[in-house]
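A short worksheet on the structure shown next.
This chain uses plain numbering: 1 for the first residue, then up along the sequence. From a predicted model like this one, the values you see are computed outputs, not experimental measurements.
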Amino acid sequence: MGSACSQQKNNKPVVHPVNIEKCAKDQTERIENSAHLSKETILQAKLRDSHLDDSFTANGHSTKTDLYSKVAMNHVFIDKEFPHVLPSITDDPHHKLYESCFKFAVWKRPHEFLNKKKYAEVKLFDKIDPLDIIQGVLGVCYLLSCLSAIAESPSRIKSIFNTRSSNLQGKYSVTFFLTGVPTEVVVDDHFPCSPDSNELIFSKTQSQELWPLIIEKAWAKIYGCYTAVEYGLMDFVFEDLLGVPASFVSVTVANRENIWIQLKRFIAEKYLLCATTIESLAEDRTGLVTSHAYTVLSVYEDSSLELKLIKLRDPWGIGGWKGAYSNSSVLMNEKLKKLLNYKDKNDGSFYINLEDFTSYFSYFSVCYYKENYHRNYICASHDRGAESFFEFDIEGPCNTNIEILQKDKRFFRGSQYTYSEVEIFLLKKSLKGFEKIAMMRSKGERYVGIEESNEFLNLQAGSYLLVVKTAKNCQFTVSCYAERTISLIKVSEPERQPNNVEYYFLLDLAQKDPKFEEFEERCRWSHGWAESYYYFYLENLGEKTWKFKMTFDELVNVEIKHAYQKGQNFLSAVLQPGQREIMFVRKIDVDEETIIKWSAQQFWL
């Protein structure tokens, strides 16, 4: 997703050469001191191996830790979990910047690389300007574009921090929501710098504030080293930094109008948005950077001119789009500039029309941030194929997001770790039993929401049952983000529950919207897809017993699932007068082609 460097000219990385003789002696000692460290840091192993619970924090303390409890006021804090050694920068000796940039880096404190006489002059926060962030040598534009979007409201940036101001001890605390769990991460204030200058290797700000440096370092710490966090997905960043549900939307020319409708609505809702360019484009001609992340700021539409514009900002803060409606385009005339309240600044922001946006961008991420919404979560684990049950009550109408999160793959670098397939079923309790609300199945993703777009469901007052199934042994977090406070309770056996949740869901769905085919003796059926299930719904409204058998002549990427009777290639049911029944098969791989061919046999007794 693009890389930048400590200084930029014409959007190209610049890495300052190193005086090797000058640094070799000091660096030899640093490398020897770090030789005992494995590629996996203490913290990374702790985060990877820990069972998810309500109390774990990245420095082993409560999230309400007194930041100065272990640091005397006249001592500088040194983070032993993320030491000032080469393995904290990179665990890859073949990295393209290993020799030229990383190997001889020196770790300095803010008053040193900012040339301040006193530490009191160092500021954690000042203006918190989204245009202030400058990318370093790491390819972390995905992280910085999200920070830029979050910084549109300074209070959102401050909400990440437990430390509210700079301190002489150099101890800084942030809270990330790792796997949906609020987790305190503590870092010190030493940062890698070029040995021949005071210049930071990684990200910084024009205003000399520390907050982006602290977040980037904490982000690197939880995953082991700085280079471990190169390249990533923006929706993951939003989820982990804010504890707010997010998702990504694929951008194609074919879904252009739908993209515009979504962007307009998301901007109106004041959601946070970032977009990423395609993997291959003509950078010199377009001015865009390949696989690079941009913050989405606003949209503009003029129906009389059939004009649809999207305003973006490059986290590098310079350059930008060169095509139609760009800063230098003749189409950006004075009338349009006035309508857009346009300011001709070289700050990385620009307008692009919808046609070009859908041609040059591959997807955008949206974070469903809402002021004054409430977070709650509960951690769980179970064996392959098992079910977990969670109950909660809602006192009144409530926009609610529920998602299942699994540990990030970055914690398991070098292993065969994969995300489990997850199925979620949400039911509302009623006097008659249960009412189907929503169901969702993921192929195997870090997170899956109960609603397809992972946005919000409007739930009414009542009692609810959430059922979670995983395809393999799995630890996960159930995260809830809603406009009311919702308390999730894990129950071993619900007081009332359907014997087979898929059966119940599909039966309820088919009864509400049947498209019947009529048979003899007042018997009828309907069939169709519901998520990854293909169902056959039967009703016997006559006076005779109806025996029905479905034989499958060909099944591709399908397994037979039925609550009562199943065979290798058939489903069958016997319906008494007045009885309803549903039989179904299940898609094995949600992304692969599916073929179902059948023949039916029936008779009456």
Practice prompt. Would you please indicate if the ring centroids of F104 and F102 are separated by under 6.0 Å?
Written response: no
Practice prompt. Under the side chain to side chain donor-acceptor pair (under 3.5 Å) rule, what do D92 and T227 come out as? Steps first, then yes or no, please.
Written response: CA-CA 8 Å; D92 179 11; T227 57; over 6 Å; no
Worksheet item: Hey, are the side chains of S88 and W107 touching, using non-hydrogen atoms and a 4.5 Å cut-off?
Response: yes
Discussion item. Within the 4.5 Å heavy-atom criterion, are F390 and L465 side-chain neighbours or not?
Written reply: no
Name each donor-acceptor pair under 3.5 Å that joins a side chain in residues 366-373 to protein atoms two or more places apart or in another chain, with its distance.
unit_1: Y368; atom_1: OH; unit_2: S247; atom_2: OG; d: 2.7
unit_1: Y368; atom_1: OH; unit_2: S453; atom_2: O; d: 2.8
unit_1: K370; atom_1: NZ; unit_2: E269; atom_2: OE1; d: 2.5

Worksheet item: By salt bridge (Lys or Arg N to Asp or Glu O under 4.0 Å), which residues pair with E112, not counting sequence neighbours?
Response: none
Worksheet item: What pairs with L114 under side-chain contact (heavy atoms from CB on, under 4.5 Å), at least two apart in sequence or on another chain?
Response: P110, K116, Q208
Worksheet entry | Within the 6.0 Å centroid threshold, strictly below: F236 and Y142 | no
Item to complete: For D408, enumerate each residue passing the salt bridge (Lys or Arg N to Asp or Glu O under 4.0 Å) test, keeping only those at least two apart in sequence or located in another chain.
Response: R446
Worksheet item: Are any side-chain N or O atoms of T179 and backbone N or O atoms of V181, one a donor and one an acceptor, separated by less than 3.5 Å?
Response: no
Worksheet entry | Counterpart residues, side-chain contact (heavy atoms from CB on, under 4.5 Å), relative to I78 (two or more places apart) | V76, H84, D188, H190
Item to complete: Please name all residues satisfying side-chain hydrogen bond (donor to acceptor under 3.5 Å, both in side chains) with E445, sequence neighbours left out, ordered by chain then number.
Response: none
Item to complete: May I ask you to check if K108 and F191 form a cation-pi contact, with NZ or CZ under 6.0 angstrom from the six-membered ring centre and within 45° of the axis?
Response: no
Discussion item. Taking the six-membered ring for Trp, are Y294 and H292 closer than 6.0 Å centroid to centroid?
Written reply: yes
